[in-house]
Amino acid sequence: MDSILSILREYGVLLLVGQYPNGPLGGLTITLVLSVLGLVLAFPLGVAIALARISPLGWLRMPAAAVIYVVRGVPLLMFIFWVYFFVPVLTGRTVSGFTTMVITLVIYQAAYLAEIVRAGIQGLPHGQTEAARAVGLSYTQTMTKVVLPQALYNMVPALVSQFVSTIKETSLGYVISVNEVTFAANQINSSLMTQPFQVYFILAAIYFCLCFSLTRLARFLERRINARREGTFRPATSPALAATGPIASEHAA
Amino acid sequence: MNMSSSPASSPLIAFDLVNKWYGDYHALNGISAEVHKGEVVVVCGPSGSGKSTLIRTVNRLESIQSGAIRFNGQDVNAPSLDINRFRSQVGFVFQSFNLFPHLSVAQNIMLGPVNVRKQKRAQARTRALELLERVGLASKVDAFPGQLSGGQQQRVAIARALAMDPPAMLFDEPTSALDPEMVGEVLQVMKSLARDGMTMMCVTHEMNFAREVADRVWFMDQGSLVETALPEAFFSNPRSERARKFLSDLRSH
């Protein structure tokens, strides 16, 4: 325990921000930035791919399905190398490890998210779409106002576990020397030489805290939405009175 | 060549030799009939007779393979038809209510007016309140569908359809999914609509409602419109053998 604390005292800053301000920003900060960018960019892309995949238009459906099958068919690590070596060839510019990692995570996660979103949309009762269309809403309005808000809510548990895996997958940035927290831990281990257990215990604890708090936050939000819909959020008025009152008087009149 | 009939006598909904197949199954078999303005038509018949399919063809929730359906003089299946604008002019009430569970009662009703008619939210909400008053649920304006009984949900669904000020309302077995004690409150609302002169087409098994409110009864069996009659004549002296059998089956339980 003492050795863990002394490692934290000695190398805590390195774990948090890397070499900064004397070198590039790194450590946990970069892990967080990678995760947030991964989530924020992959989510809308995932929804878009899902919508394309269930679109009535074939020319949208085919490429979406292709992306999903390809991405799901290859290991993430291989995908990272792919982006790392081929994006510079395609663009004619060198690309940093960080950028490579963002691109990889976004494409990879978007494909998985797309399948979750598709399941969520197709799991809704068809009556919801019919009712929306019957009121005169367009396909797009039906999706954005009726289908997606419900589908996304139903998907929260699956989405959260996908988000959690994004956070963990940022650690693979290590193989292309992205200065994230795993990279920092490895640096520490290399300079200490003798305390791998303590170093990697700290690393594990950091990932665990990050992922666990995201899971808890999602659970909390889920409960709040549920409470609002079921009316336990505030006192409901007497249903019996409301149901019979005006009708009865109308009938009498 | 002055042969055009006066607009007053032209039908609001006209079926002309409508045919529909599901594969080999002949779901609608040469249906020709008319619903005039202000008329209340009850469509009845054994299950699987095509009643729901017929009513769903009116706002094109179901396509047809041959024949024509005109609503207010407009060919429902014309390729040039703006389907969303058209559907917003036909009120449709579903058997399973199909309220949007993620929206409050007021938001359910306002969805069409705000998104399709581009009404101001305040104006749409005022109208929603009026309609809720009319169906006896003014106190539930900010409740969520999950907090309401089946009968209340169906009354909200009726208010939602009325919010578009439709010239006609279609009801697809509006009380079939309700517990017996809640059927009455929904029928009350429908009766008051009929009294106010709303053109209505109702698929229902509520024969007392048909007797009391309907101007005409359409009896369907095996995809065909077997008989149309005044309710009095239909119930006391049905012309077809199939209608006689249907009515005796209904009475025997």
Side-chain angles (χ1 to χ4, degrees), chain A residues 56 120-121 123-156 221-253, chain B residues 56 59-61 82-104 107-109 111-117 132-140 142-149 151-152 155 157 160-161 163-164 170 182 184-185 188-189 191-192:
Chain A
I121 290 173
L124 273 193
H126 190 56
Q128 290 292 311
T129 307
E130 277 195 338
R133 298 309 299 270
V135 174
L137 261 56
S138 66
Y139 181 86
T140 314
Q141 287 172 326
T142 301
M143 278 296 164
T144 55
K145 309 279 176 186
V146 173
V147 173
L148 281 177
Q150 293 184 65
L152 294 178
Y153 168 72
N154 293 340
M155 294 173 318
V156 164
L221 292 175
E222 217 179 323
R223 281 208 183 125
R224 265 187 60 143
I225 298 173
N226 250 336
R228 199 166 79 105
R229 285 194 196 163
E230 281 159 13
T232 45
F233 209 52
R234 59 186 156 209
T237 47
S238 160
L241 267 178
T244 53
I247 286 271
S249 60
E250 178 197 32
H251 192 50
Chain B
R56 287 163 57 90
N59 68 347
R60 226 168 88 182
L61 286 178
D82 178 348
I83 186 68
N84 299 323
R85 220 182 75 91
F86 166 71
R87 281 189 178 133
S88 76
Q89 297 163 14
V90 188
F92 200 99
V93 177
F94 296 86
Q95 177 177 358
S96 48
F97 332 134
N98 294 346
L99 291 183
F100 308 125
H102 63 301
L103 300 177
S104 73
Q107 289 168 329
N108 263 276
I109 299 172
L111 193 67
V114 168
N115 291 290
V116 183
R117 295 278 161 77
L132 283 171
E133 196 85 47
R134 187 163 173 191
V135 299
L137 289 172
S139 64
K140 296 293 183 189
D142 290 317
F144 281 79
Q147 298 165 259
L148 305 181
S149 71
Q152 292 172 331
R155 283 146 66 194
R160 178 175 68 181
M164 307 303 279
L170 311 176
M182 291 168 185
E185 64 191 66
Q188 283 291 352
V189 170
K191 281 177 194 169
S192 83

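Proteins come first, then strands; the chains are lettered A, B, ... in the order of their sequence lines, and each starts at number 1. Keep in mind it's a predicted model, so treat the numbers as computed, not measured.
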In terms of heavy-atom contacts, B:Phe94 and A:Ala131 come closest through CE1-CA, 3.6 Å
Heavy-atom pair with the smallest gap, counting every atom of B:Leu99 and A:Gln128: O-NE2, 2.8 Å
Using a cut-off of under 4.5 Å on heavy-atom pairs, state which of [options] scores highest against chain A.
{"options": "B:Asn115, B:Asn59, B:Val116, B:Val93", "answer": "B:Asn115"}
{"options": "B:Arg87, B:His102, B:Gln107, B:Met164", "answer": "B:His102"}
{"options": "B:Ser96, B:Pro101, B:Pro113, B:Gly112", "answer": "B:Pro101"}

Measure [X] against the heavy atoms of chain A and call it side chain, backbone, both or neither at under 4.5 Å.
{"X": "B:Arg160", "value": "side chain"}
{"X": "B:Phe100", "value": "both"}
{"X": "B:Leu170", "value": "neither"}

Calculate, to the nearest 0.5 Å, the distance between atoms OG1 and CG belonging to A:Thr142 and B:Asn84 respectively. 7.5 Å
Residue pairs passing the salt bridge (charged side-chain N to carboxylate O under 4.0 Å, His left out) test with at least one member in residues 127-144 of chain A, sequence neighbours excluded, are A:Glu130-B:Arg56
Which bit of A:Gln141 comes within less than 4.5 Å of chain B, counting heavy atoms only: side chain, backbone, both or neither? side chain
